[in-house]
Protein chains: 2
Amino acid sequence: VESRAIDGGVTAPKGFKAAGVRCGIKQKGLDLAMVYSETECSVAAVFTTNAFKAASVLLNQERLPSGRARAVVANSGNANACTGERGMRDARRTSELAGELLGVPADQVLVASTGIIGVPLPMEKIEAGVRQAVGELSDSGGGSASLAIMTTDTRPKTAAREIEINGKPVRIGGMCKGAGMICPNMATMLCFITTDTAVEPAVLQKCLSSNVERSFNCLTIDGDMSTNDSVIMLANGASGCGTITEGSSAYEAFDKALGEVCLDLAREIARDGEGATKFVEVRVTGAATYKDAKAAAMTIANSPLVKTAIFGEDPNWGRVLCAAGRSGAKIEPEMASLYFGDVKIVDRGEPLRIEAETARRPMLANELVITLDLGIGKESASVLTCDFSYDYVKINAEYHT
Amino acid sequence: VESRAIDGGVTAPKGFKAAGVRCGIKQKGLDLAMVYSETECSVAAVFTTNAFKAASVLLNQERLPSGRARAVVANSGNANACTGERGMRDARRTSELAGELLGVPADQVLVASTGIIGVPLPMEKIEAGVRQAVGELSDSGGGSASLAIMTTDTRPKTAAREIEINGKPVRIGGMCKGAGMICPNMATMLCFITTDTAVEPAVLQKCLSSNVERSFNCLTIDGDMSTNDSVIMLANGASGCGTITEGSSAYEAFDKALGEVCLDLAREIARDGEGATKFVEVRVTGAATYKDAKAAAMTIANSPLVKTAIFGEDPNWGRVLCAAGRSGAKIEPEMASLYFGDVKIVDRGEPLRIEAETARRPMLANELVITLDLGIGKESASVLTCDFSYDYVKINAEYHT
């Protein structure tokens with residue numbers, strides 16, 4: 001079953017409403033988003049593994065075991081991280097107010113925050129924003145909501161796909177933000193995904209976790225993991241397609257479409273990386289294990305030397321091998337082959353004598369694929385990233401707290 | 001026993017000669033160094049764990065088990081890495097020629113290379129350089145030798161210390177190069193250490209390995225580990241101080257002085273980091289294990305967000321906690337305290353309400369100490385690094401292969 005790309009973001013699936021409003025946390029622009037389902041949803045989520053977790057993450061982790069949710073409130077401009085006990089109270093208060101106004105239990109409202117670390121949430125503004133958002137919820141609000149979660153992103157990021165399951169059109173929609181851990185403490189990758197399929201929470205969690213591993217967890221701008229990173233998914237069953245069970249052909253189709261939505265969104269983040277001038281995909285093939293393939297690809301993608309060479313359009317293949325070599329992946333140097341685009345640079349450990357201009361050609365485009373074939377197994381992984389430019393340093397050094 | 005800093009580098013200890021000559025591998029400057037002992041030495045070494053090891057590293061690893069060596073030949077300008085079988089033949093030939101001219105067995109000559117990856121060594125130049133170096137060996141040659149191993153280092157790096165053991169003055173001398181994995185493939189941290197103490201190879205190896213762990217392995221410019229990194233140490237016994245055995249007070253004094261020489265050299269590398277404007281020491285204390293302390297310190301020191309904030313003199317403490325939080329170290333957020341210089345920023349998980357200017361003051365100096373007290377144990381680690389500036393990007397993006 002092929003999926004079809006559609007518009008609408010998180011409000012593309014049936015029975016979801018959303019809103020994005022301005023409550024004044026950021027200096028300008030929308031800064032509070034709400035996503036709401038008309039009926040109770042199965043919920044699944046993946047959170048940062050950072051030891052310093054934001055209050056919103058800690059609160060959501062308390063609530064996730066019920067497997068049920070109705071709404072998510074997300075603010076930008078303040079991460080409510082490293083804010084101690086007051087931070088927890090503020091996160092809880094946000095969800096309680098939203099629950100009260102929406103007429104749903106507070107523990108079915110999840111929260112998310114992104115922005116500056118170590119500063120208490122301005123609760124008067126948040127409360128006013130929650131009230132306004134409830135009033136503006138609409139089934140075409142996906143676009144505004146995607147604007148309201150932006151920090152230093154240069155553009156909103158949404159994706160949605162439609163497939164057919166049991167003769168019914170079903171939809172998966174998503175929005176995310178993130179462009180590196182940007183500006184002083186303007187952190188975080190946040191992603192919200194909705195679907196009108198019916199899936200039990202445990203099955204939804206499994207499907208979400210495996211797709212996050214192959215998309216957002218294969219994405220790196222600068223190797224820095226934030227205190228707030230979250231992917232939250234709601235499934236309300238409004239399409240009437242029936243419950244999707246593991247191992248069914250419906251599950252396969254759903255899993256594939258969800259993977260596409262996740263990858264669409266992850267690519268948007270890499271393309272909007274801080275100071276990025278090029279979108280880069282690092283593919284490692286022929287690895288002994290998936291873990292090895294991912295470790296090698298991630299180490300290449302995070303290497304400042306590789307990233308600055310890409311910015312300089314310099315076909316500096318030694319840096320790529322060198323980064324792979326320190327990744328911990330099992331490597332037999334005499335089996336490894338390397339390609340920039342479709343130009344083979346190294347053949348089973350021996351550098352090919354090609355012109356520098358030939359090797360350089362693939363680097364001149366806006367998108368570069370680097371492929372390292374380890375030649376010793378069948379596993380592979382792709383990591384999405386971007387180059388490392390003067391502007392990355394500028395963005396991160398010149399903004400003062 | 002206090003050690004005394006002295007001049008002379010690798011020729012400070014008795015019985016060692018060295019030379020640095022120009023053989024024409026680099027566009028200018030000295031590019032071939034030789035270190036020679038008048039008598040047979042115990043040898044110990046620590047090499048890169050990169051899977052793509054340079055030919056010199058592979059050859060030295062073959063030779064190290066004998067525990068004996070007489071000389072080291074090192075060239076700059078060409079790393080002889082990713083050069084396949086020809087690279088091994090060239091490394092072997094270099095040691096054979098040096099052995100022949102010095103009148104010592106070829107397997108007692110170690111080799112080292114640093115420079116461009118994937119290009120065969122220019123053997124005619126190397127051979128001429130070896131001949132010239134043998135002719136110029138002198139007991140005051142430590143300075144020239146330290147110049148001949150430089151690539152894009154802005155200055156040579158030597159250190160030497162004298163202590164008294166069993167009533168005899170004994171010396172430890174060293175030289176190193178490295179400023180990040182610099183310019184396209186101009187890679188590598190190389191370090192050579194000599195001493196006129198007598199130490200059995202196994203004891204020397206143990207002492208060297210533990211001191212490398214606390215110095216060079218606690219040093220990071222950009223997190224990239226080269227294919228050629230090597231620390232090689234020769235002990236010839238010429239001081240007449242007698243053999244130093246493990247557990248003796250002589251061993252303790254020697255171990256301490258070796259640690260000082262290693263730290264002196266490691267600090268020099270951090271100060272000369274690519275594009276560096278500030279020298280930074282990241283101390284993590286109160287950790288449950290040394291491994292945790294080092295992981296947290298290393299993750300903070302490698303974080304591009306932390307390094308760009310330091311360049312921008314921005315007291316962005318959220319980035320420091322965030323990096324520590326993703327390091328894998330055991331952390332209880334409510335126990336962690338953070339200091340910039342002597343200014344306390346976070347006290348047991350609660351951010352202190354201090355003026356931004358107060359937090360910023362320690363960042364204005366050329367040297368910054370960041371201390372993270374995890375507050376849950378007794379182990380600590382210090383990592384040496386530098387900031388991340390426009391010039392790092394410039395150096396690494398603009399030099400073309």
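So that the names make sense, note that chain A is the first sequence line, chain B the second, and so on, each numbered from 1.
More than 12 non-hydrogen atoms from other residues, nucleotides or ligands lie less than 6.0 angstrom from NZ of Lys344(B). Annotation: Glu85(B), atom CD; neighbour count of heavy atoms from other residues, nucleotides and ligands within 6.0 Å does not exceed 12.
Note on Gly118(B), Ala81(B), Gly328(B): by heavy-atom pairs under 4.5 Å with chain A, the leading option is Gly118(B).
Minimum heavy-atom separation, Leu321(A) to Asn50(B): O-OD1, 4.5 Å. Taking every heavy atom of both residues into account, Pro120(B) and Arg353(A) meet most closely at CD-NH2, 3.5 Å. In this structure, Ala336(A) and Phe52(B) approach most closely via the heavy-atom pair CB-CZ, 4.0 Å. Closest heavy-atom contact between Ala51(A) and Ile331(B): CB-CB, 3.8 Å. Taking all atoms of both residues into account, the shortest heavy-atom contact from Pro304(A) to Phe388(B) is CB-CZ, 4.1 Å.
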(message) As a quick check of understanding, evaluate side chain to side chain contact (heavy atoms under 4.5 Å, CB included) for Val346(A) and Cys82(B), giving each step before the final call.
(response) CA-CA 9 Å; Val346(A) 175; Cys82(B) 300; over 6 Å; no
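Using a 4.5 Å cut-off between heavy atoms, Ser389(B) contacts chain A through its backbone alone, with no side-chain atom that close. For Arg86(B), no part lies near chain A; criterion is any non-hydrogen pair under 4.5 Å.
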